[in-house]
Amino acid sequence: MIASTTPALAQNDEMASIATPAQPDAIALGTGKLPGATAPEAWHSQYGSVFARNVTVATLTPFLPDPAKATGTAVIVAPGGGFQTLSMQNEGWDVARALAARGVAAFVLKYRLNPTPQDLATFARPVPQGMRPPRPNAAAMMAGLAPQIADARAAFATVRKRAGEWHVDPSRIGMVGFSAGAMLTMATTVAGQDAKPAFIGNIYGPLAAMTVPADAPPMFVALAADDPFFGNGGYGLIDSWRAAKRPVEFHLFEQGGHGFGMYPKTTTSTGWFDEFTRWMAMHGWLKPAQ
């Protein structure tokens with residue numbers, strides 16, 4: 001499976017159990033409990049950040065801008081973690097807070113995950129190289145995302161239903177995902193039926209070629225060339241979007257590894273968020289619709 005993130009500091013790479021954080025604003029999405037899951041939701045710290053595991057009930061947490069600064073644009077934020085964990089802080093809350101500071105209503109999607117051992121030490125124990133199953137390719141992973149796509153659809157439906165309360169334009173709801181969250185973003189775009197994101201961000205997700213819907217939304221892509229998972233797989237997704245004559249912007253950073261998210265690093269990959277918001281501004285999403 002895809003590693004949840006790249007360490008910001010090597011000395012912080014050990015997993016440590018933590019109490020489940022208070023999430024008073026989290027909204028249950030009503031997609032049900034993940035069938036067959038028995039282990040309770042658990043949280044741990046690693047790399048100076050916070051992760052969730054064994055998520056069986058999907059939630060959506062709003063991070064709303066000052067109404068005086070609200071642009072009417074919203075973004076569903078999908079953290080990554082190989083569908084085994086969720087990088088809730090680095091690829092969720094911190095992203096949402098940064099978007100809200102720019103007048104964008106952001107909503108962190110805590111989607112359901114594949115079950116993992118309840119005991120953290122067992123989960124964290126390295127698997128010998130020869131015993132590791134082959135890592136499934138992106139197409140295979142996307143094909144098995146029915147629960148997560150349902151969670152994403154419910155997130156879009158919830159934001160549209162409460163758009164007036166949250167000062168959101170229902171036609172200006174995008175989605176940005178990281179790693180596995182980027183896979184979910186792409187799956188939602190092509191198979192999410194009524195979700196229909198107005199724009200999407202694929203941050204260090206797989207870039208395999210795909211069939212592009214005729215009404216595919218504008219897409220922003222950021223990847224580090226030294227990403228150990230997706231840095232050497234080609235850029236077919238970019239070619240697919242361009243061949244379909246759909247808007248796409250692609251940033252290939254020289255360095256950054258996988259999972260850089262909102263971590264402050266010395267690499268230029270740290271600038272992906274500023275580039276993303278410049279792209280949003282270019283399309284007019286950072287000012288109220290006329």
Side-chain angles (χ1 to χ4, degrees), residues 23-27 29 49-50 59-80 86-111 152-178 181-182 184-185 188-189 192 195-204 216-222 247-251 260-264 268-290:
Q23 301 164 79
D25 299 325
I27 300 164
L29 287 172
S49 193
V50 171
T59 67
L60 191 69
T61 300
F63 288 76
L64 303 177
D66 182 332
K69 296 173 59 178
T71 61
T73 298
V75 175
I76 308 293
V77 180
L86 288 177
S87 180
M88 293 298 294
Q89 182 175 340
N90 180 50
E91 298 172 351
W93 303 330
D94 289 351
V95 176
R97 291 188 184 100
L99 286 166
R102 287 161 172 78
V104 177
F107 300 86
V108 177
L109 175 59
K110 188 175 74 173
Y111 51 88
R153 289 181 62 195
F156 275 90
T158 298
V159 175
R160 290 192 174 111
K161 182 178 180 180
R162 300 179 64 173
E165 172 189 349
W166 288 331
H167 305 286
V168 166
D169 181 338
S171 68
R172 296 173 66 177
I173 306 172
M175 185 172 183
V176 61
F178 302 79
L184 177 56
T185 297
T188 302
T189 300
K196 294 192 177 301
F199 56 91
I200 55 176
N202 179 325
I203 314 302
Y204 44 81
M219 177 174 64
F220 178 95
V221 178
V248 58
E249 178 153 334
F250 178 33
H251 293 257
F260 44 83
M262 300 299 281
Y263 288 131
T268 54
S269 60
T270 298
W272 79 266
F273 183 81
D274 289 337
E275 298 298 340
F276 178 59
T277 53
R278 287 190 184 99
W279 177 76
M280 291 180 67
M282 180 179 72
H283 282 276
W285 296 316
L286 292 189
K287 60 183 180 182
Q290 301 300 316

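Everything numeric in this text was worked out from a predicted model, so none of it was measured.
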Distance check, rounded to the nearest 0.5 Å: Arg102 atom CZ versus Thr71 atom OG1?
12.0 Å
To the nearest 0.5 Å, tell me how far His251 NE2 sits from Ile203 CD1.
9.0 Å
Pair Leu99, Val77 - check side-chain contact (heavy atoms from CB on, under 4.5 Å), show working.
CA-CA 10 Å; Leu99 286 166; Val77 180; 4.1 Å; yes
When you measure from the side chain of Tyr204 to the backbone of Gly261, do you find a donor-acceptor pair of N or O atoms at a distance under 3.5 Å?
yes
Within the structure provided, determine whether Arg97 and Met262 are in side-chain contact (heavy-atom separation under 4.5 Å).
no
Closest non-hydrogen atom pair, Pro288 against Ala70:
CG-O, 4.0 Å
Does Val221 form a side-chain contact (heavy atoms from CB on, under 4.5 Å) with Trp272? I'd like the steps, not just the answer.
CA-CA 9 Å; Val221 178; Trp272 79 266; over 6 Å; no
Got a donor-acceptor contact below 3.5 angstrom from the Arg172 side chain to the Val168 backbone?
no
Heavy-atom side-chain proximity of His283 to Phe220 below 4.5 angstrom:
no
Could you give the distance from NZ (Lys110) to CG (Leu86), rounded to the nearest 0.5 Å?
8.5 Å
Minimum heavy-atom separation for Trp166 to Pro62, with atom names?
CZ2-CG, 4.0 Å
Does the Gln89 side chain pair with the main chain of Ser49, one donor and one acceptor, at a distance under 3.5 Å?
no
How close do Asn202 and Ala182 get, heavy atom to heavy atom, and via which atoms?
OD1-CB, 3.5 Å
Note, Leu109 side chain near Leu184 side chain (heavy atom, < 4.5 Å)
yes
To the closest 0.5 Å, what do you measure between CG (Leu286) and NZ (Lys69)?
11.0 Å
Check the angle between the aromatic planes of Trp279 and Phe276 and answer parallel, tilted or perpendicular using the 30° and 60° thresholds.
parallel
Would a distance-only check, ignoring hydrogens and angles, find a side-chain to backbone donor-acceptor pair under 3.5 Å from Arg160 to Ala195?
yes
Where the side chain of Thr185 meets the backbone of Met175, is there a donor-acceptor pair that is under 3.5 Å apart?
no
Show the nearest heavy-atom pair for residues Ala198 and Ser171, with the distance to one decimal.
CB-O, 3.4 Å
With heavy-atom distances below 4.5 Å as the criterion, would you say the side chains of Phe63 and Asp25 are in contact?
no
If you compare all heavy atoms of Thr270 against all heavy atoms of Pro264, which two are closest, and at what distance to 0.1 Å?
OG1-C, 4.2 Å
Do Phe178 and Ser87 have side chains that get closer than 4.5 Å, going by heavy atoms?
no
Value for CH2 (Trp93) from OG1 (Thr61), rounded to nearest 0.5 Å, stands at 8.0 Å
Between Leu60 and Val159, does a side-chain contact (heavy atoms from CB on, under 4.5 Å) hold up when you go through it step by step?
CA-CA 9 Å; Leu60 191 69; Val159 175; 3.9 Å; yes
Report yes if some heavy atom in the side chain of Met280 is under 4.5 Å from a heavy atom in the side chain of Val75; otherwise report no.
yes
From CZ (Phe199) to CD1 (Ile173), nearest 0.5 Å:
9.5 Å
Is the shortest heavy-atom distance from the side chain of Ile27 to the side chain of Arg162 under 4.5 Å?
yes
Backbone of Trp285 reached by a side-chain donor or acceptor of Thr73 within 3.5 Å
yes
Between Pro197 and Pro217 the two heavy atoms that sit nearest each other are O-CB, 3.4 Å
Expected output: side-chain Asn90 to main-chain Tyr263 donor-acceptor under 3.5 Å
yes
Walk me through it: do Phe107 and Thr158 pass the test side-chain contact (heavy atoms from CB on, under 4.5 Å)?
CA-CA 10 Å; Phe107 300 86; Thr158 298; over 6 Å; no
